[in-house]
Amino acid sequence: MDRRRFLLAGSAVAVLGASGSRLATAAATTPAPTSARPRPSPQQLRWQREELAMFVHLTVNTFTGKEWGDGTESPAIFNPRKLDARQWARTAKAAGFRSMILTAKHHDGFCLWPTATTTHSVASSPWKHGKGDVVREFVDACHAEGLGAGLYLSPWDRNAKSYGTGEAYNNFYIAQLTELLTHYGKIVEVWFDGANGEGPNGRKQAYDWPRIHATVRRLQPDAIMFSDAGPDVRWIGDEQGKAADTCWSTVDPASVPYPGYDRPWVGDLLGHGDPHGSAWRPGESDVSIRPGWFWHADQNDQVRTPDNLMALYFSSVGHNSKLLLNVPPNRDGLFESEDIATLQGFTAQREALFAHNLLRGAHVRASSSVAPNLPAHVLDADPDTYWSAASTARDSWLEFELPREIEFDTLELGEAIAHGQNIANHLVEHWENDAWKPLCWGTTIGHKKLTRMDPVRTRKLRLSLEFGYGTPQLARVAAYRGPDHRYGPGHNEK
Ligand code: FUL
């Protein structure tokens with residue numbers, strides 16, 4: 001927590017007293033709500049509510065031990081003999097992941113499907129005597145397990161002869177995209193990597209983003225497009241699963257105009273977003289369960305621990321982002337038992353921690369509310385029911401009074417993001433020795449804000465939404481009691 005802001009928030013409590021009535025007069029002088037604040041599309045809302053997606057990195061690198069192939073690898077080395085995409089999808093589903101994204105082509109240019117655009121593909125490999133199609137097996141497995149299927153198609157291609165030539169490569173890339181988006185059924189996300197290096201001829205490519213985006217919209221209108229610059233969801237700015245404490249789902253589209261746009265301050269913009277931004281473009285946190293994105297034999301003992309995955313969940317999903325966790329198949333084409341075990345531990349910990357909202361049964365009062373969006377709706381688990389303050393309010397409070405004392409160490413807050421993200425600052429206090437005591441202060445909330453703290457015992461809790469850019473509207477307030485240990489680092493903690 002930012003100490004300075006906490007003290008500011010704390011002094012406000014002292015000045016304004018404990019009654020809560022302080023906010024009633026403020027509402028009358030605040031400006032009328034603007035209806036112009038951005039809201040998510042139904043596709044973006046579905047995307048964010050999934051919370052967990054699994055990345056699957058597989059290519060010739062799995063067999064060479066490299067992280068970035070240079071495009072000269074022979075397809076003869078690609079032979080994941082026991083490849084079982086159902087094993088990947090079953091593992092993801094059991095761990096609560098709702099979609100998966102496969103590297104159909106990484107920077108080395110090797111295509112995991114039998115494309116007509118190049119011979120640098122599975123069709124030239126010994127795997128299934130050149131008759132296999134990893135993309136087909138992957139998409140079918142996702143659908144069989146009820147998961148969304150997404151595809152990564154690296155714009156940077158270190159094998160394609162036409163790379164760096166402009167139009168010719170753009171045509172080649174669009175042809176690959178078209179195959180992927182027309183031959184395999186529904187695709188929920190298309191992942192455009194920002195890495196843009198030189199091709200085999202030493203030249204860089206200028207990508208035709210307007211045409212690429214239009215192709216996706218035309219062929220898969222419901223698919224979410226990811227890149228640093230969106231257009232639907234943005235990169236969170238690091239590959240460590242850490243979204244900023246202050247994380248807006250809105251951005252100014254001009255600040256990161258195209259994927260790979262590289263300025264020293266871009267990381268901050270991507271991480272924080274912009275409360276005044278005109279585009280709804282929430283952040284995705286991609287990170288690997290191992291040090292590398294691809295499987296390497298010597299990293300089997302460096303798989304993150306369940307505790308570390310919990311820490312990632314708090315710093316990504318719990319900071320209004322989505323966690324895209326990479327689990328790379330080995331040379332047999334299977335997830336390793338180490339990765340599966342740690343995912344099972346992660347799931348068990350999440351299920352145990354979030355099983356019971358200890359605030360259920362509390363009597364809830366609010367500074368104002370608008371029927372039918374009444375205060376008690378924040379206690380149910382339905383993200384579509386919510387409490388709304390009066391439309392002119394910019395600051396508000398909710399008070400929870402419980403029939404008996406509870407002990408908790410984890411707080412969950414959630415805005416009703418279907419209606420936008422508005423809250424800039426919030427303060428949580430608990431009732432102790434006949435007075436309100438500050439417990440934690442934070443900035444944005446968004447889809448989910450998770451905060452861990454030392455265990456607290458109380459019968460009353462107060463949440464003050466200190467400033468909103470629009471009407472404060474909350475879908476969720478919950479308190480939980482976790483295990484006594486902190487979610488600590490795993491081997492791969494950076
Ligand atoms: C990066 C790539 O260069 C890595 O190899 C990996 O695919 C990661 C998800 O994105 O930009």
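Remember, it's 1-based here, ligands and their atoms both numbered in the order they're listed. Just so it is clear, the model here is predicted, and its values are computed rather than measured.
Residue-ligand proximity, His57 to ligand 1, at heavy-atom distances under 4.0 Å covers atoms 6 (C), 7 (O), 9 (C). Close approach to Tyr152 involves these atoms of ligand 1, each under 4.0 Å from a residue heavy atom: 7 (O). Listed by atom number, the atoms of ligand 1 under 4.0 Å from Trp68 heavy atoms are 2 (C), 3 (O), 4 (C), 5 (O). Residue Glu239 approaches ligand 1 through these ligand atoms, each under 4.0 Å from one of its heavy atoms: 1 (C), 8 (C), 10 (O), 11 (O). Listed by atom number, the atoms of ligand 1 under 4.0 Å from Phe55 heavy atoms are 9 (C).
Checking only distances, His106 does come within under 3.5 Å of ligand 1, N or O to N or O. Inclusion of Glu67 in the set of residues having an N or O under 3.5 Å from an N or O of ligand 1 is not warranted. Considering backbone and side-chain atoms alike, His107 places an N or O below 3.5 Å from some N or O of ligand 1.
Closest approach of Arg234 to His272, counting heavy atoms only: NH2-C, 3.8 Å. The shortest non-hydrogen separation linking Tyr261 to Ser255 is CE2-O, 3.4 Å.
Ring pair Tyr169/Tyr163 is perpendicular by interplanar angle, where above 60° counts as perpendicular and below 30° as parallel.
You'll find the ring centres of Trp248 and Tyr469 inside the 6.0 Å limit.
Of the candidates Asp193, Thr103, Thr59, it is Asp193 that places a heavy atom closest to atom 2 (C) of ligand 1.
Lys186 contributes no side-chain N or O that, together with a main-chain N or O of Ala149, makes up a donor-acceptor pair within less than 3.5 Å.
At least one side-chain heavy atom of Phe97 sits less than 4.5 Å from a side-chain heavy atom of Leu325.
Heavy atoms of Phe294 come nearer than 4.0 angstrom to ligand 1 in no pair at all. Trp156 does not count as a contact of ligand 1, since none of its heavy atoms falls under 4.0 Å from the ligand.
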Check: What's the verdict on side chain to side chain contact (heavy atoms under 4.5 Å, CB included) for Lys105 and Tyr173, showing C-alpha distance, side-chain angles and the deciding distance?
Finding: CA-CA 11 Å; Lys105 178 184 83 170; Tyr173 188 80; 4.2 Å; yes
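Using a cutoff of 4.0 Å between basic side-chain nitrogens and carboxylate oxygens, Arg98 and Glu51 are not scored as salt-bridged.
Residue contacts with ligand 1 for Asp286 involve side-chain atoms from C-beta outward but no N, CA, C or O (heavy atoms, distance under 4.0 Å).
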